[in-house]
Amino acid sequence: MNGTLRNDSRGDKVFSLVNGAIVTLFFISVLYPIVYIVSASFSDSNAVVSGKVWLWPVRPTLEGYAAVFDYKMVWTGFKNSVVYTVTGTALNVFLTVLAAYPLSRKDLYGKNVFMILFMFTTMFTGGLIPSYLLVRELGMLDTIWSMIIPGALTVWNVIIARTYFQMSIPDELLEAARLDGCNDFQFLWKVVIRLSGPILAVITLYYASANWNQYFNAMIYLKSQDHYPLQLVLRDILIQNDVDTAMLAADPQDAARREALKILLKYSLIVISIFPLLVVYPFVQKFLVKGVMIGSLKG
């Protein structure tokens, strides 16, 4: 019996070591590209081009960030992304709560039918061309609404929020509120919302991240560069190499210097594009874990 326990203990230790090694390698493989991009963004442009940057910045400088802030399209894209993210996320959360709370109620007539309709949209869509034609016929092409309305509601977030409401808001609260003369909308605003901080933080982060990072809808529905989000500006720079290099160097004759600075601009812009989410995440992390665990338990 003792020998079996010792063997099991030894096997557990080996498993833990192997598992830890695999997780560590995976963590390094994910972390290193981020570290490299940040280091490259603070390095001298010639060091980046020559491949001297591996882990730490080489000849640290803020030249790349100065070039970013001198590039007009970056400011325009950043402003547009903030507008799309704030407006879109507010609408997303509002619609998600309005859909999820009734579906969490046992007394909702036809609840199963509504859930089937919601789930149907996750498996079947009209396709890209019908979606484009619909947006065009609604007069939303090249407007802010083309970035917000098509993705205004995500069924998966509705399911998570509905499950959270079912598990966290007891029926006794509703009965007590009704005795005090509270109607459904008052109960939702004064009780449900105030007791649902974790799940609201979760879906807000999900929607904000999606709105901040979206560029596909912008490629399809936006024509004017004045409406481009930051991610589309970043795409043009990274993939299409679309940068006005004359704006990035004081000496227009120094072509090699401008090309090196253009590469440095790419790394700096990547860091700037992910910085807002990195700042927001720590503030919602404690709600995120709780909300995901409870919301996904039955989802």
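Start at 1 with the first residue, then count along the sequence. Hydrogens, waters and symmetry mates are skipped; everything else that's a heavy atom, side chains included, is used.
- Applying the salt bridge (Lys or Arg N to Asp or Glu O under 4.0 Å) test to Arg59 and every residue at least two apart in sequence or in another chain returns Asp44.
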Legend entry - Steps toward side chain to side chain donor-acceptor pair (under 3.5 Å) verdict (Thr76, Tyr228): CA-CA 8 Å; Thr76 302; Tyr228 280 6; over 6 Å; no

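- Aromatic rings from Trp156 and Phe118 are positioned such that their centres are separated by 6.0 Å or more.
- Closest of all the heavy-atom pairs between Met147 and Pro229 is CE-CG, 4.0 Å.
- For residues 125-149, the pairs satisfying side chain to side chain donor-acceptor pair (under 3.5 Å) are Asp142-His227, with sequence neighbours left out.
- Nearest heavy-atom pair across Leu108 and Pro102 is CD2-O, 3.2 Å.
- For the side-chain contact (heavy atoms from CB on, under 4.5 Å) test, residues two or more places apart in sequence or in another chain that qualify with Tyr32 are Tyr36, Trp54, Leu55.
- Rounded to the nearest 0.5 angstrom, Leu134 CG and Met140 CE are separated by 6.5 Å.
- Between the CG atom in Leu174 and the NZ atom in Lys106 there is a gap of 11.5 Å [rounded to 0.5 Å].
- Listed by chain and number, the hydrophobic cluster partners of Phe124 are Phe120, Met123, where partners are ILVMFWY side chains within reach of under 4.5 Å, directly or through others.
- By the criterion of side-chain heavy atoms lying less than 4.5 angstrom apart, applied directly or through intervening Ile, Leu, Val, Met, Phe, Trp or Tyr residues, Leu25 is not grouped with Ile34; the two fall into different hydrophobic clusters.
- Residues Gln231 and Trp212 form a side-chain contact, since some pair of their non-hydrogen atoms from C-beta on lies under 4.5 Å apart.
- Distance check, rounded to the nearest 0.5 Å: OH of Tyr215 to OG of Ser273 gives 13.0 Å.
- The distance from the OH atom of Tyr65 to the CG atom of Leu269 is 10.0 Å, given to the nearest 0.5 Å.
- When the side chains of ILVMFWY residues are joined at heavy-atom separations under 4.5 Å, either directly or via intervening members, Trp56 and Val48 end up in a single hydrophobic cluster.
- A distance-only check finds no donor-acceptor pair linking the side chain of Ser81 to the backbone of Phe78 [under 3.5 Å].
- Separating the CG atom in Leu95 from the CG atom in Leu153 is a distance of 6.0 Å, to the nearest 0.5 Å.
- Annotation: side chain of Ile203 is not in contact with side chain of Asn92 (no heavy-atom distance under 4.5 Å).
- Side chain of Asn19 to backbone of Phe15: no donor-acceptor contact under 3.5 angstrom is found.
- Put simply, CG on Leu234 and CE on Met73 are 12.0 Å apart, with the number rounded to the nearest 0.5 Å.
- Under the 4.5 Å side-chain heavy-atom criterion for Ile, Leu, Val, Met, Phe, Trp and Tyr, Leu117 and Ile159 are members of distinct hydrophobic clusters.
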Inset, instruction - Verify side chain to side chain contact (heavy atoms under 4.5 Å, CB included) between Thr61 and Phe42, making sure each step is shown before the conclusion. - result: CA-CA 5 Å; Thr61 177; Phe42 286 102; over 6 Å; no

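- Side-chain contact between Tyr267 and Ser43 is absent, with no heavy atoms from C-beta onward closer than 4.5 Å.
- Connectivity analysis of hydrophobic side chains (ILVMFWY, heavy atoms under 4.5 Å, direct or indirect) links Ile22 to Val14, Val18.
- Looking at every heavy atom in both residues, Ser41 comes nearest to Val271 through OG-CG2, 3.7 Å.
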Legend entry - Worked check of side chain to side chain contact (heavy atoms under 4.5 Å, CB included) between Leu195 and Ile169: CA-CA 8 Å; Leu195 295 177; Ile169 310 298; 3.9 Å; yes

Inset, instruction - Report the C-alpha distance between Leu200 and Ile193 in whole Å, list the side-chain angles of each, state the deciding distance to 0.1 Å, and finish with yes or no for side chain to side chain contact (heavy atoms under 4.5 Å, CB included). - result: CA-CA 8 Å; Leu200 292 180; Ile193 296 298; 3.9 Å; yes

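- In this structure, Val135 is a member of the same hydrophobic cluster as Leu128, with clusters built from ILVMFWY side-chain heavy atoms closer than 4.5 Å.
- Lys52 and Val58 get closest at one heavy-atom pair: O-CG2, 3.6 Å.
- In terms of heavy atoms, Thr24 sits closest to Gly20 at OG1-O, 2.7 Å.
- At distances below 3.5 Å, not a single donor-acceptor pair connects side-chain atoms of Ser168 with backbone N or O atoms of Phe165.
- Looking at residues two or more places apart in sequence or on another chain, you find a side-chain contact (heavy atoms from CB on, under 4.5 Å) between Thr89 and Thr85, Val93, Thr204, Tyr207, Ala208, Asn211.
- Under a hydrophobic-cluster definition in which Ile, Leu, Val, Met, Phe, Trp and Tyr are linked whenever side-chain heavy atoms come within less than 4.5 Å, directly or via other members, Ile116 and Ile160 are assigned to different clusters.
- With Asn183 contributing its side chain and Phe185 its backbone, the two residues share a donor-acceptor pair below 3.5 Å.
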Inset, instruction - Assess whether side chain to side chain contact (heavy atoms under 4.5 Å, CB included) is satisfied between Ile149 and Tyr221, documenting all intermediate values. - result: CA-CA 12 Å; Ile149 299 300; Tyr221 302 132; over 6 Å; no

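- Side chains of Met115 and Asn112 form no contact here, defined as non-hydrogen atoms less than 4.5 Å apart.
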